[in-house]
K.L.:
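Got a structure for you, written out below as structure tokens; questions coming shortly.
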Amino acid sequence: MTTTALKQPVRETSPGAAREPRRRTGRIRRVTLPYLLLLPALLLELLVHLVPMAIGIVMSFKQLTQFYIRDWGTAPWNGFDNYKVSVDFDAPVGKALLQSFGITVGFTLLSVGLCWLIGTAAAVYMQDTFRGRGLLRALFLVPYALPVYAAVITWVFMFQHDNGLVNHVLHDQLHLTDKPSFWLIGDNSFYALLTVSVWKGWPFAFLIVTAGLQNIPRELYEAAALDGAGMWQQIRRITLPSLRPVNQVLVLVLFLWTFNDFNTPYVLFGKAAPEAADLISVHIYQSSFVSWNFGTGSAMSVLLLLFLLVVTGGYLLLTSRGRRASDA
């Protein structure tokens, strides 16, 4: 007796069907790999910036003074009292904060404007080829490449009253002043701080504008020259409109850096900045670490953060609308 085995139908798998899971796995890896590579940086950003920011916001609602600095979590809850004290411009604390805010706004506008103007002028001048251009570009970038503390300490010695280089040149050699000036105290401290800030910041503007000028075709300038356009007309009609996207980002970055600058005034004047150069960053530091009122200082910091967020959002909104209008 013979038995016939039932033959099961054999499924033929195509090579494409076998490679489909591998393709899906490779696609998943390609999608997730960038996020995995960014994960360490995101964790460090969380630890270095976001966690202290959250702690500072919590501290702004506490009555945190030197009596609770050992264990700040036990400080009594103060609600919005720290914010009320900070924005009460009739009281001494609020009046001093408002004055510091006004000085910071004026200082920032002057510093950003001069940095952009000098950096743009130098970048446009450096577009032409001449002997020694590479060396001159390297010298222009020296203030930006130097460490902040080393550069500002050098300016401290230059601004000395008796043996400083600034008074030696202005008073002893050029005879522009009747007597040597005090640059690190009094009203002149504002101009000293502005000088150091512009000297330190304009090479960054020069670097960014130089990179932006590389994207402008030289044929546009040649065609404008053939049409009889002079240098100023070329700058007005070609250079500045072409640099508009670069300048929008540059001005915002310079504004945020200058408004938040703490290292320059702190190294230049120390813990107690003169009244004429009382920037808001140093003012918040003095309210926190000199007066030992960390709750009020944290509230001032949160108010500064909100101000910068509003200004940045409004600036980006206006520039995006202007960009869409120009493209239309």
K.L.:
Checking one residue: Leu36. Which other hydrophobic residues are in its cluster under the side-chain 4.5 Å linking rule?
P.N.:
none
K.L.:
Any non-hydrogen side-chain atom of Lys200 less than 4.5 Å from a side-chain atom of Asp261?
P.N.:
yes
K.L.:
Quick one: CH2 on Trp116 to CG on Leu250, what's the gap to the nearest 0.5 Å?
P.N.:
9.0 Å
K.L.:
According to the interplanar angle, ranging from 0 to 90°, do the rings of Phe204 and Trp257 count as parallel (below 30°), tilted (30 to 60°) or perpendicular (above 60°)?
P.N.:
tilted
K.L.:
According to a hydrophobic-cluster definition based on side-chain heavy atoms being under 4.5 Å apart (Ile, Leu, Val, Met, Phe, Trp, Tyr only), do Ile238 and Leu226 belong together?
P.N.:
no
K.L.:
Rounded to the nearest 0.5 Å, what separation is found between the NZ atom of Lys179 and the CG atom of Asn167?
P.N.:
11.5 Å
K.L.:
Can Leu37 be reached from Leu42 by stepping across I, L, V, M, F, W or Y side chains whose heavy atoms are under 4.5 Å apart?
P.N.:
no
K.L.:
Is the count of non-hydrogen atoms from other residues, nucleotides or ligands lying under 6.0 Å from Trp77 atom CH2 greater than 12?
P.N.:
yes
K.L.:
Taking the hydrophobic residues Ile, Leu, Val, Met, Phe, Trp and Tyr, and joining any pair whose side-chain heavy atoms are under 4.5 Å apart, which ones share a cluster with Phe182?
P.N.:
Ile185
K.L.:
Find out whether Asp81 and Lys84 are in side-chain contact, i.e. whether some heavy atom of one side chain is under 4.5 Å from a heavy atom of the other.
P.N.:
yes
K.L.:
Kindly give the cluster partners of Leu43, where membership spreads through any ILVMFWY side chain lying under 4.5 Å from a current member.
P.N.:
Leu39
K.L.:
Determine the interplanar angle of the Phe259 and Phe255 rings, folded into 0 to 90°, and report it as parallel if under 30°, tilted if 30 to 60°, perpendicular if over 60°.
P.N.:
tilted
K.L.:
Is atom CG of Asp178 surrounded by more than 12 heavy atoms (other residues, nucleotides or ligands) closer than 6.0 Å?
P.N.:
no
K.L.:
Taking atom CZ of Phe80 as the centre, report whether more than 12 heavy atoms of other residues, nucleotides or ligands fall under 6.0 Å from it.
P.N.:
no
K.L.:
So which heavy atom on Ser281 is nearest to which on Asn260, and how close?
P.N.:
CB-O, 4.1 Å
K.L.:
Going by atom type alone, with no hydrogens or angles, which donor-acceptor pairs under 3.5 Å involve a side-chain atom of residues 302-317 and a protein atom two or more places apart or on another chain?
P.N.:
from: Thr312; atom 1: OG1; to: Leu308; atom 2: O; distance (Å): 2.7
from: Tyr315; atom 1: OH; to: Gln248; atom 2: O; distance (Å): 2.7

K.L.:
Side-chain contact test, heavy atoms from C-beta onward, threshold under 4.5 Å: evaluate it for Tyr266 versus Val152 and give yes or no.
P.N.:
no
K.L.:
Does the side chain of Leu243 come within less than 4.5 Å of Val209's, by heavy atoms?
P.N.:
yes
K.L.:
Check whether any side-chain heavy atom of Leu279 sits under 4.5 Å from a side-chain heavy atom of Thr264, and report yes or no.
P.N.:
no
K.L.:
Restricting to non-hydrogen atoms, name the atom on Leu213 and the atom on Thr239 that form the minimum distance, rounded to 0.1 Å.
P.N.:
CD2-CG2, 3.7 Å
K.L.:
Can you tell me how far the CG atom of Leu97 sits from the CG atom of Asp88, to the nearest 0.5 Å?
P.N.:
11.0 Å
K.L.:
Would you give the length of the straight line joining atom CZ of Phe262 to atom CD1 of Ile280, rounded to the nearest 0.5 angstrom?
P.N.:
13.5 Å
K.L.:
Of all the heavy-atom pairs spanning Leu184 and Pro274, show the shortest one and how long it is.
P.N.:
O-CG, 3.4 Å
K.L.:
Measure up the Phe206 and Phe140 rings against each other and bin them: parallel (under 30°), tilted (30 to 60°), perpendicular (over 60°).
P.N.:
perpendicular
K.L.:
Around Phe157, counting heavy atoms of other residues, nucleotides and ligands shown, do more than 12 lie under 6.0 Å from its CZ?
P.N.:
no
K.L.:
Following the transitive rule for hydrophobic clusters with a side-chain heavy-atom cut-off under 4.5 Å over Ile, Leu, Val, Met, Phe, Trp and Tyr, establish whether Met158 and Leu139 coincide in one cluster.
P.N.:
no
K.L.:
Which heavy atom of Ser197 sits nearest a heavy atom of Ser111, and at what distance?
P.N.:
OG-OG, 2.8 Å
K.L.:
Do you know which two heavy atoms are closest between Val282 and Lys271, and how far apart they sit?
P.N.:
CG1-O, 4.1 Å
K.L.:
Please say whether more than 12 non-hydrogen atoms of neighbouring residues, nucleotides or ligands are located less than 6.0 Å from CZ in Arg133.
P.N.:
yes
K.L.:
Can you tell if the side chain of Gln99 reaches within under 4.5 Å of the side chain of His283, non-hydrogen atoms only?
P.N.:
no
K.L.:
Without placing hydrogens or testing angles, list every side-chain donor-acceptor pair under 3.5 Å for residues 44-70, not counting sequence neighbours.
P.N.:
from: Glu45; atom 1: OE1; to: His49; atom 2: ND1; distance (Å): 3.4
from: Glu45; atom 1: OE2; to: His49; atom 2: ND1; distance (Å): 3.3
from: Ser60; atom 1: OG; to: Ile57; atom 2: O; distance (Å): 2.5
from: Ser60; atom 1: OG; to: Tyr83; atom 2: OH; distance (Å): 2.6
from: Lys62; atom 1: NZ; to: Ala75; atom 2: O; distance (Å): 3.2

K.L.:
Please confirm whether Phe130 and Tyr125 have ring centers closer than 6.0 angstrom.
P.N.:
yes
K.L.:
Ignoring hydrogens and geometry, is there a side-chain-to-backbone donor-acceptor pair from Ser100 to Asp278 under 3.5 Å?
P.N.:
yes
K.L.:
Linking I/L/V/M/F/W/Y whenever their side-chain heavy atoms sit closer than 4.5 Å, directly or via other members, would Tyr35 and Leu33 fall into one cluster?
P.N.:
no
K.L.:
For Ser288 and Gly297, which heavy atoms make the closest approach, and how far apart are they?
P.N.:
OG-CA, 3.2 Å
K.L.:
Got a second to check how far Gln234's CD is from Glu222's CD, nearest 0.5 Å?
P.N.:
10.0 Å
K.L.:
Taking CD in Gln286 as the centre, count heavy atoms belonging to other residues, nucleotides or ligands within less than 6.0 Å. Is the count above 12?
P.N.:
yes
K.L.:
Rounded to the nearest 0.5 Å, what separates atom CG in Asp187 from atom CZ in Phe190?
P.N.:
10.5 Å
K.L.:
List in chain and number order the residues that pass side chain to side chain donor-acceptor pair (under 3.5 Å) with Trp202, two or more places apart in sequence or in another chain; answer none if no residue qualifies.
P.N.:
none
K.L.:
Do Thr210 and Arg137 make a side-chain contact, defined as non-hydrogen atoms from C-beta onward lying under 4.5 Å apart?
P.N.:
yes
K.L.:
Taking Thr74 for its side chain and Asp71 for its backbone only, find out whether a donor-acceptor pair lies under 3.5 Å.
P.N.:
yes
K.L.:
Between His168 and Asp172, is any side-chain donor less than 3.5 angstrom from a side-chain acceptor?
P.N.:
yes
